[in-house]
Amino acid sequence: MNNPAYASKLPNVGTTIFTVMSQLAQQHGALNLSQGFPDFDPPQALMDRVTHHLKSGHNQYAPMTGLPELRQQIAVKIHRLYGNELDADSEITVTSGATEALFSAIQTVVTSGDEVIVFDPAYDSYEPAVTLAGGRTIHIPLTTPDFRIDWDRLGKAITSKTRLVIINSPHNPTGAVLDAADLDRLAEVLSRTDAMLLSDEVYEHIVFDQAKHHSVLTHSDLWRRSFVVSSFGKTYHATGWKIGYCVAPKQLSSEFRKVHQYNTFAVATPLQYALADFMSENEEHHLELPDFYQAKRDLFCHLVEPSRFSFVPTRGTYFQLLDYSAITDETDTDFANRLTKEIGVAAIPISVFCQEPIEAKLLRFCFAKDDDTLKKGAEILCQI
């Protein structure tokens with residue numbers, strides 16, 4: 001029997017680099033500092049609430065838009081942090097992770113022939129979602145070495161076909177952070193267009209050195225045309241739970257929910273109840289994250305300082321870029337593979353997030369690990 005003929009919708013897409021490097025680390029027994037997940041548990045009080053709700057009959061479908069109790073807690077948090085008073089019923093949707101929220105937002109607004117602007121290095125889930133919606137992704141490189149947006153280049157890239165601009169702050173994989181002036185410049189550029197904005201803010205609570213996260217939710221001119229995405233997994237050390245949310249004005253949320261309901265429909269009920277309980281009783285958790293992760297950043301940077309790697313401490317996220325140009329002329333993908341197979345530490349190459357070749361020789365390391373893991377990884381890196 002012949003296999004049926006078909007044309008791939010994503011002919012240029014392979015397995016995501018995060019899966020590839022984690023599998024390679026497992027195969028070779030390497031320390032996995034590549035994929036971005038903590039190697040420690042969520043808060044015990046949060047896990048206790050999950051157990052409670054599992055045993056309390058909360059195991060059937062949640063509402064498609066998310067539990068009202070959880071959406072209300074999200075609205076309270078947003079108002080406290082960003083001053084934006086949202087309607088929890090019509091402007092907040094709980095999603096099956098931030099990736100689903102990003103995908104659903106892109107499917108909501110992008111149609112055949114539309115253009116979507118991303119900034120390289122760009123998180124790798126953006127372009128496939130644009131392609132599946134029939135759109136075309138326009139890549140604008142961030143300026144090195146500090147990975148800032150080239151506002152003139154953005155202005156020139158926007159055309160009548162530009163449907164959506166995607167920003168990411170704090171930025172994965174570079175750790176760059178947008179400030180208030182950046183949001184003003186973005187608003188100025190977009191004010192002359194009908195383009196909408198998708199703001200990926202999953203690391204919103206992980207910003208360092210007393211800096212402030214400047215959310216699109218604080219900027220009225222941007223907010224009215226925006227989808228803002230965040231992640232409970234990143235905030236509560238529970239990436240395996242795959243729970244996030246999308247915030248958007250009522251009309252955009254209404255359209256977003258049409259896609260969301262046929263994408264994942266609803267998110268795990270006992271986990272939503274547990275998060276709602278924990279948020280109402282532990283308001284300080286997300287406020288403590290910057291100091292918690294800065295201590296890990298500082299430890300990791302201190303430990304690798306004697307090595308041949310060079311670096312600038314990351315401004316946000318739980319990723320640190322290390323420059324290996326003093327070690328080898330290998331491409332970042334080749335060096336990342338050799339580092340995993342022969343030396344015993346897995347990292348993520350940066351070039352895979354870029355359409356154009358990148359001159360800098362950089363690898364991304366995750367420091368959302370316990371201190372012993374960071375010490376072990378740094379010890380290996382210092383021996384290279």
Side-chain angles (χ1 to χ4, degrees), residues 17-41 121 144-147 170-177 203 205-209 211 234 237 239 288-353 358 360-384:
I17 189 65
F18 307 111
T19 298
V20 169
M21 296 311 298
S22 286
Q23 288 179 345
L24 198 64
Q26 185 176 26
Q27 291 169 7
H28 293 272
L31 198 66
N32 189 358
L33 301 185
S34 58
Q35 193 171 1
F37 60 86
D39 65 355
F40 42 84
D41 284 332
T144 54
D146 53 357
F147 297 101
H171 184 261
N172 178 16
T174 71
V177 175
Y203 296 99
H205 302 305
I206 310 177
V207 181
F208 305 131
D209 303 313
K234 303 297 189 297
H237 319 314
T239 60
E288 295 171 350
L289 279 186
D291 288 343
F292 174 79
Y293 275 120
Q294 183 168 335
K296 292 188 174 296
R297 179 203 69 173
D298 292 348
L299 173 63
F300 183 66
C301 288
H302 172 71
L303 292 170
V304 299
E305 195 167 6
S307 75
R308 297 166 66 195
F309 291 93
S310 59
F311 59 88
V312 175
T314 187
R315 297 176 61 200
T317 74
Y318 44 56
F319 304 116
Q320 176 63 52
L321 296 185
L322 297 184
D323 185 318
Y324 66 87
S325 57
I327 299 172
T328 178
D329 289 330
E330 292 170 276
T331 66
D332 60 352
T333 52
D334 286 345
F335 185 49
N337 280 316
R338 184 165 69 87
L339 188 67
T340 305
K341 295 176 180 178
E342 300 178 12
I343 301 174
V345 177
I348 296 291
I350 300 303
S351 65
V352 299
F353 302 104
I358 185 170
K361 293 187 176 299
L362 299 168
L363 297 179
R364 192 202 77 174
F365 293 81
C366 175
F367 56 80
K369 310 296 179 183
D370 66 48
D371 290 355
D372 287 341
T373 302
L374 296 178
K375 290 174 183 176
K376 182 178 179 181
E379 181 181 357
I380 296 172
L381 296 176
C382 285
Q383 294 174 356
I384 300 174

Novice: Heavy atoms only: give me the nearest V345-I380 pair and the separation to one decimal.
Specialist: CG2-CG2, 3.7 Å
Novice: Work out which heavy atom in V304 is nearest to a heavy atom in C382; give both atom names and the distance.
Specialist: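 Scanning both residues completely, I find the closest heavy atoms to be CA-SG, 4.1 Å.
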Novice: Between R364 (side chain only) and S34 (backbone N and O only), is there a donor and an acceptor less than 3.5 Å apart?
Specialist: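 Checking the backbone N and O of S34 against the side chain of R364, a donor-acceptor pair under 3.5 Å is found.
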Novice: How many angstroms lie between CG in D298 and OH in Y293, if you round to the nearest 0.5 Å?
Specialist: 14.5 Å
Novice: Nearest 0.5 Å please: distance from the CG atom of N337 over to the CD1 atom of I343.
Specialist: 11.5 Å
Novice: Indicate yes or no for a side-chain donor-acceptor contact from R297 to the backbone of T314 under 3.5 Å, with no hydrogens or angles considered.
Specialist: yes
Novice: Would the distance check show the side chain of Y324 and the main-chain N or O of A336 forming a donor-acceptor pair, the cut-off being under 3.5 Å?
Specialist: no
Novice: Nearest 0.5 Å please: distance from the OG atom of S351 over to the CD1 atom of I358.
Specialist: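 Between atom OG of S351 and atom CD1 of I358 there are 8.0 Å.
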Novice: Flag the pair K296 and D370 as a salt bridge only when some basic side-chain nitrogen lies within less than 4.0 angstrom of an acidic carboxylate oxygen.
Specialist: no
Novice: Atom CD of residue position Q26 - does it have more than 12 heavy atoms of other residues, nucleotides or ligands inside 6.0 Å?
Specialist: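 Counting neighbours around CD of Q26, 12 or fewer heavy atoms of other residues, nucleotides or ligands fall under 6.0 Å, so no.
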Novice: Is the backbone of K234 close enough, under 3.5 Å, to the side chain of H205 for a donor and an acceptor to pair up by distance?
Specialist: no
Novice: Given the rule in the side-chain contact (heavy atoms from CB on, under 4.5 Å) test, do T174 and F353 qualify, once you have shown the distances and angles that lead to the verdict?
Specialist: CA-CA 11 Å; T174 71; F353 302 104; over 6 Å; no
Novice: Check whether any side-chain heavy atom of L33 sits under 4.5 Å from a side-chain heavy atom of M21, and report yes or no.
Specialist: no
Novice: So, does D209 use its side chain to make a donor-acceptor pair with the main chain of A211 at under 3.5 Å?
Specialist: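 Answer holds: no.
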Novice: How long is the gap from CG on L322 to CG on L381, to the nearest 0.5 Å?
Specialist: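 That separation rounds to 7.0 Å.
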Novice: Where do C366 and Y318 land on the side-chain contact (heavy atoms from CB on, under 4.5 Å) test, with the steps shown first?
Specialist: CA-CA 6 Å; C366 175; Y318 44 56; 3.8 Å; yes
Novice: Using the ring centroid of each side chain, check whether F292 and F40 are separated by less than 6.0 Å.
Specialist: yes
Novice: For R315 and V177, indicate whether the former's side chain and the latter's backbone hold a donor-acceptor pair under 3.5 Å.
Specialist: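 Confirmed, R315 side chain pairs with V177 backbone.
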Novice: For the NE2 atom on H302, are there more than 12 heavy atoms of other groups (residues, nucleotides or ligands in this structure) within a distance under 6.0 Å?
Specialist: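 12 or below, so no.
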Novice: Is there side-chain contact between F147 and L321, with at least one heavy-atom pair below 4.5 Å?
Specialist: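 Of all side-chain heavy-atom pairs linking L321 with F147, at least one is under 4.5 Å.
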Novice: Are P170 and I206 side-chain neighbours, meaning at least one heavy-atom pair lies under 4.5 Å?
Specialist: no
Novice: Taking L374's backbone N and O only, do any of them form a donor-acceptor pair with E379's side chain (distance below 3.5 Å, no angle check)?
Specialist: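 Not a single qualifying donor-acceptor pair exists.
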Novice: Determine whether a donor-acceptor pair (N or O, by modelled atom type, separation under 3.5 Å) exists between the side chain of K361 and the backbone of D329.
Specialist: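 Yes; judged by distance alone, with no hydrogens or angles, the pair exists.
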Novice: For the residue pair F365 and F300, categorise the inter-ring angle as parallel (less than 30°), tilted (30 to 60°) or perpendicular (more than 60°).
Specialist: tilted
Novice: Kindly determine whether D332 and L362 satisfy side-chain contact (heavy atoms from CB on, under 4.5 Å), including the steps that lead there.
Specialist: CA-CA 7 Å; D332 60 352; L362 299 168; over 6 Å; no
Novice: Is there a side-chain contact (heavy atoms from CB on, under 4.5 Å) between I348 and F319 once you walk through the steps?
Specialist: CA-CA 10 Å; I348 296 291; F319 304 116; over 6 Å; no
Novice: Under a 3.5 Å distance rule, please check whether T317 uses its side chain to pair with a backbone N or O of Y203 as donor and acceptor.
Specialist: no
Novice: Output the distance between atom OG1 (T328) and atom CZ (R308), rounded to the nearest 0.5 Å.
Specialist: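 The distance works out to 9.0 Å.
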Novice: Identify the two heavy atoms, one from A346 and one from T340, that lie closest to each other, and give their separation to 0.1 Å.
Specialist: CA-OG1, 3.4 Å
Novice: In Å, rounded to the nearest 0.5 Å, how long is the span from CD1 of I384 to CZ of R338?
Specialist: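 Spacing of CD1 (I384) from CZ (R338) equals 7.5 Å.
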Novice: Taking the side chain as every heavy atom from C-beta outward, state whether F37 and N32 have any atom pair closer than 4.5 Å.
Specialist: yes
